[in-house]
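Just so you know, these numbers use all the heavy atoms, side chains as well, and skip hydrogens, waters and symmetry mates.
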Amino acid sequence: FDDGPNPLTTPQVLTTLEQFHVTASFFLVGSRVPGNEALLQRMHADGDEIGNHSWSHPDFTTLTSQQMKDQINATQRAIMAAGVPPPILFRPPYGAVNASVEANVPMTILLWNEDPQDWAAQRASAVVQAVEASAAPGGIVDMHDIYHVTADALPQILTDLQARGFHFVTVSQLLHLTPASRGLYYGHS
Ligand code: ZN
């Protein structure tokens with residue numbers, strides 16, 4: 001889940017994950033963390049993974065190396081100030097990566113391989129349909145916990161995919177990542 005935390009929709013997502021005994025990975029925008037520290041503590045207590053999604057969501061391929069470092073470091077500080085461990089994963093805004101981004105981001109860069117485009121959906125049913133149509137073993141599904149349609153779609157998605165035998169893990173668990181892992185990751189096949 002990208003772009004949170006959102007005080008309206010993230011709690012609903014967390015409640016659903018808790019009810020289904022499922023963990024997920026949240027890539028947070030640093031500027032949205034102050035004031036929402038309790039949500040980060042709840043994620044950590046639930047076993048969810050917390051990653052860095054920049055401070056203000058710029059396209060990193062347009063930034064200087066100093067700007068990239070400032071975006072990363074400010075977000076690490078905000079997350080650690082909430083009392084949870086520092087992220088080891090970075091998800092670049094828009095999935096925008098080039099050689100300069102790879103050289104300047106001192107973290108594992110975590111992309112995705114299933115994109116249901118929940119940000120464009122008008123109804124929860126469209127999110128359910130898109131996620132379920134592309135679900136495959138080893139998949140990393142890119143969703144956004146800032147949208148009501150996504151939060152509303154999640155119980156049906158988990159019900160259906162659990163019935164199909166899917167098991168949900170954090171991305172570090174899926175890819176066996178450690179703090180020393182470097183490079184670009186999209187999913188596991
Ligand atoms: Zn994003």
Verify same cluster id: W112, F27 (apolar side-chain graph, 4.5 Å): yes

Separation of M68 CE from T64 OG1 (nearest 0.5 Å): 7.0 Å

Separation of N52 CG from Q76 CD (nearest 0.5 Å): 4.5 Å

For the student: nearest non-hydrogen atoms of P155 and A151, plus distance: CD-O, 3.6 Å

L40 versus I50, closest heavy-atom pair with distance: O-CD1, 3.7 Å

Shared hydrophobic cluster, V97 / L175 (ILVMFWY, side-chain heavy atoms < 4.5 Å): yes

Sub-4.5 Å side-chain heavy-atom contact between I72 and F60: yes

Side-chain heavy-atom pair L28, H53 within 4.5 angstrom cut-off: no

Contacts of type side chain to side chain donor-acceptor pair (under 3.5 Å), residue S100, not counting sequence neighbours: N104

side-chain contact (heavy atoms from CB on, under 4.5 Å) partners for V22, two or more places apart: L17, F20, L158, Q162, F168

Sub-4.5 Å side-chain heavy-atom contact between H144 and F1: no

Test side-chain contact (heavy atoms from CB on, under 4.5 Å) applied to L154 and V13, V149, T15, the passing residue: V13

Minimum side-chain heavy-atom gap K69-V105 below 4.5 Å: no

Residue pairs fulfilling side-chain hydrogen bond (donor to acceptor under 3.5 Å, both in side chains) with at least one residue in residues 18-27, sequence neighbours excluded: E18-R42

Residues L177, Y185; criterion side-chain contact (heavy atoms from CB on, under 4.5 Å); working and verdict: CA-CA 10 Å; L177 297 176; Y185 294 86; 3.6 Å; yes

side-chain contact (heavy atoms from CB on, under 4.5 Å) involving A74 - partner list, sequence neighbours excluded: W55, R77

For residues 78-95, please give each side-chain donor-acceptor pair under 3.5 Å, one per line with the distance, not counting sequence neighbours.
unit_1	atom_1	unit_2	atom_2	d
R91	NE	L110	O	3.1
R91	NH1	D2	OD1	2.8
R91	NH1	D142	OD1	3.2
R91	NH2	L111	O	2.5
Y94	OH	H57	O	3.4
Y94	OH	H57	ND1	3.3

Same apolar cluster: L174 and F166, side chain cutoff 4.5 Å: no

Minimal non-hydrogen separation, P58 against L63, with atom names: CG-CD1, 3.7 Å

Side chain to side chain, V131 and L161, heavy atoms closer than 4.5 Å: yes

Which residues share a side-chain contact (heavy atoms from CB on, under 4.5 Å) with N36, sequence neighbours left out: P5, P7, L39

Qualifying salt bridge (charged side-chain N to carboxylate O under 4.0 Å, His left out) pairs with a residue from residues 96-124, counting only residues at least two apart or across chains: none

Heavy-atom check, side chain of T9 versus side chain of T150, under 4.5 Å: no

Residue pair T61, V101: steps toward the side-chain contact (heavy atoms from CB on, under 4.5 Å) verdict: CA-CA 6 Å; T61 64; V101 176; 4.1 Å; yes

Which residues share a side-chain contact (heavy atoms from CB on, under 4.5 Å) with Q129, sequence neighbours left out: none

Side-chain heavy atoms of T75 within contact of Q71, under 4.5 Å: no

From CG (D145) to CG (L14), nearest 0.5 Å: 7.5 Å

Pair M143-V127, side-chain contact (heavy atoms from CB on, under 4.5 Å): steps then yes or no: CA-CA 9 Å; M143 300 173 74; V127 178; 3.9 Å; yes

W119 with I140, same ILVMFWY side-chain cluster at under 4.5 Å: no

Contact list for residues 152-173, test salt bridge (charged side-chain N to carboxylate O under 4.0 Å, His left out), sequence neighbours left out: none

Sequence neighbours excluded, every pair satisfying salt bridge (charged side-chain N to carboxylate O under 4.0 Å, His left out) that has a member inside residues 44-68: none

Partner set under side chain to side chain donor-acceptor pair (under 3.5 Å) for Q66, not counting sequence neighbours: D70

Selection residues 166-175 - residue pairs positive for salt bridge (charged side-chain N to carboxylate O under 4.0 Å, His left out), sequence neighbours left out: none

